[in-house]
2 protein chains.
Amino acid sequence: MKTTTLRALAEPNRLQIVELLRGGPLSVGEIAERLGLRQPQASKHLRILSDAGVVEVHAVANRRIYKLRHSAFQELDAWLASFRRVWEEKLDSLDDYLEELQSKNGNREGKP
Amino acid sequence: MKTTTLRALAEPNRLQIVELLRGGPLSVGEIAERLGLRQPQASKHLRILSDAGVVEVHAVANRRIYKLRHSAFQELDAWLASFRRVWEEKLDSLDDYLEELQSKNGNREGKP
DNA sequence: AGAGAATATACCCGCAAAGGAATTTTCGAA
DNA sequence: TTCGAAAATTCCTTTGCGGGTATATTCTCT
């Protein structure tokens with residue numbers, strides 16, 4: 001998992017942009033207006049999202065239309081999926097950890 | 001979606017901690033050692049992960065055992081799931097956006 | 001009670017990242 | 001080719017965050 005994607009999503013305004021784009025592609029101006037951002041900040045955030053591969057741009061005349069990139073979310077999803085194993089196989093059992101600890105220490109622990 | 005969870009995961013060391021804990025619960029010392037972190041940094045990162053609800057602690061004698069929290073990942077998963085609709089319903093079509101634009105402008109655009 | 005572990009906190013420093021304002025670039029239309 | 005929109009980039013300032021080191025806290029065992 002790349003932390004760039006997560007970093008990009010971890011900023012409130014950027015997360016809002018992503019949520020907004022769920023409804024479909026939008027231009028920079030529309031995004032800025034709907035979120036109460038100033039145009040430069042909107043552009044900057046979009047740049048970061050773009051660099052992280054979360055969104056992609058299409059130039060249409062004067063406008064730049066931004067939309068979500070499927071693959072970014074697929075990757076996130078794949079990563080999350082790899083955690084299901086943890087719960088399914090109960091890899092997070094505290095008791096197991098303690099037993100493991102026991103066997104490691106063995107007799108040791110009270111200086112021989 | 002809360003940005004606190006994402007922020008917590010967006011830092012390389014913390015993400016590594018999470019990856020590490022996939023294998024099961026670990027104490028602070030073990031985490032620090034395996035990742036080449038100094039104990040205070042490990043503790044700080046764990047604090048942040050804990051505050052974000054990504055991990056949980058259990059005190060065992062002198063040690064603090066950290067493990068992943070199922071629900072944090074469930075929430076992430078649920079949020080991601082809400083994006084599937086975007087692709088399934090092709091809400092990201094650029095053409096649709098342009099048509100929408102057309103109808104909005106209608107006749108207007110070249111000052112009447 | 002005292003010593004020594006494992007861990008958490010506090011304090012300081014440097015830097016990266018976010019906001020604001022101004023400026024530049026790009027494109028379409030007249 | 002000039003004008004005016006839409007958007008990107010630049011520069012500046014501030015602040016939050018991560019690393020480093022030292023110190024406090026907590027627990028165990030003797």
Side-chain angles (χ1 to χ4, degrees), chain A residues 3-17 21 25-52 54-67 97-98 101-102 104-105 107-112, chain B residues 3-18 21 25-52 55-67 97-98 101-102 104-105 107-112:
Chain A
T3 107
T4 7
T5 308
L6 291 170
R7 278 195 82 79
L9 295 172
E11 206 275 335
N13 289 312
R14 289 198 289 268
L15 191 60
Q16 274 195 278
I17 291 180
L21 288 181
L26 288 175
S27 71
V28 176
E30 288 172 313
I31 294 171
E33 185 192 5
R34 298 205 197 178
L35 296 185
L37 298 177
R38 299 168 194 270
Q39 178 266 318
Q41 331 301 338
S43 280
K44 284 186 218 171
H45 285 308
L46 285 165
R47 181 79 149 86
I48 293 175
L49 286 170
S50 177
D51 285 349
V54 175
V55 302
E56 62 185 20
V57 213
H58 288 275
V60 173
N62 240 356
R63 321 266 173 93
R64 302 282 190 116
I65 313 302
Y66 284 87
K67 53 178 279 194
Y97 174 80
L98 295 178
L101 234 176
Q102 289 288 348
K104 269 191 186 173
N105 285 348
N107 38 13
R108 205 176 339 116
E109 181 74 346
K111 302 146 198 164
Chain B
T3 109
T4 6
T5 308
L6 291 169
R7 280 194 78 81
L9 295 172
E11 207 274 334
N13 290 311
R14 288 197 291 267
L15 191 59
Q16 274 194 278
I17 290 178
V18 170
L21 288 181
L26 288 175
S27 71
V28 176
E30 288 171 313
I31 294 172
E33 186 192 6
R34 300 205 196 179
L35 296 184
L37 298 177
R38 301 172 192 268
Q39 177 266 317
Q41 333 300 341
S43 280
K44 285 187 218 172
H45 285 308
L46 286 164
R47 181 75 151 87
I48 292 175
L49 286 169
S50 176
D51 285 349
V55 303
E56 63 184 19
V57 215
H58 289 275
V60 173
N62 239 359
R63 320 267 173 91
R64 301 283 189 116
I65 313 302
Y66 284 86
K67 53 178 279 195
Y97 174 79
L98 295 177
L101 236 177
Q102 289 288 349
K104 269 191 185 173
N105 287 347
N107 38 13
R108 209 177 332 116
E109 180 76 348
K111 302 148 196 161

[X] side chain N/O closer than 4.0 Å to the phosphate oxygens (OP1, OP2) of [N]?
X	N	result
B:Tyr66	C:dA8	yes
A:Arg63	C:dG28	no
A:Arg64	C:dC27	no
B:Ser27	C:dA6	no
B:Asn13	D:dG19	yes

Rounded to whole angstrom units, what separation is found between the [atom1] atom of [X] and the [atom2] atom of [N]?
X	N	atom1	atom2	answer
A:Leu37	C:dA21	CG	P	14 Å
A:Arg38	C:dG19	CZ	C1'	8 Å
B:Glu11	D:dG19	CD	C1'	10 Å
A:Ile17	C:dA18	CD1	C1'	13 Å
B:Gln39	C:dT7	CD	P	7 Å
B:Asn62	C:dA8	CG	C1'	12 Å

> What's the verdict on side-chain contact (heavy atoms from CB on, under 4.5 Å) for A:Arg34 and A:Leu26, showing C-alpha distance, side-chain angles and the deciding distance?
Replying inline: CA-CA 10 Å; A:Arg34 298 205 197 178; A:Leu26 288 175; 3.7 Å; yes
> Can you find a donor-acceptor pair, distance only, under 3.5 Å between B:Gln41 side chain and D:dG18 base?
Replying inline: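 Answer no: no donor N or O sits under 3.5 Å from an acceptor.
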So which heavy atom on [X] is nearest to which on [Y], and how close?
X	Y	value
A:Ile65	A:Ser27	CD1-CB, 3.9 Å
B:Val55	B:Leu46	CG2-O, 4.1 Å
A:Tyr66	A:Leu21	O-CD2, 3.5 Å

Can you tell which of [options] lies closest to the side chain of [X]?
X	options	answer
B:Val28	D:dA8, C:dT7, D:dT26	C:dT7
A:Ala61	D:dA5, C:dA6, C:dG28	C:dG28
B:Arg7	D:dG18, D:dA22, D:dC17	D:dC17

>> With a 3.5 Å distance limit and no angle check, can you tell me whether B:Arg14 reaches the backbone of B:Ala8 through a side-chain donor-acceptor pair?
In response: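 Between the backbone of B:Ala8 and the side chain of B:Arg14 there is a qualifying donor-acceptor contact (under 3.5 Å).
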>> Checking A:Tyr97 against B:Glu30 for the side-chain contact (heavy atoms from CB on, under 4.5 Å) test, could you report, in this order, the C-alpha distance in whole Å, the side-chain angles of both residues, the deciding distance, and whether it holds?
In response: CA-CA 12 Å; A:Tyr97 174 80; B:Glu30 288 171 313; 2.6 Å; yes
> Contacts to DNA chain D from residues 44-51 of chain B, heavy-atom cutoff under 4.0 Å, which residues?
Replying inline: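 Correct list: B:Lys44, B:His45, B:Ile48.
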Without placing hydrogens or testing angles, list every side-chain donor-acceptor pair under 3.5 Å for residues 35-44 of chain B, not counting sequence neighbours.
residue : atom : partner : partner atom : Å
B:Gln39 : NE2  : B:Ser43 : OG           : 3.2

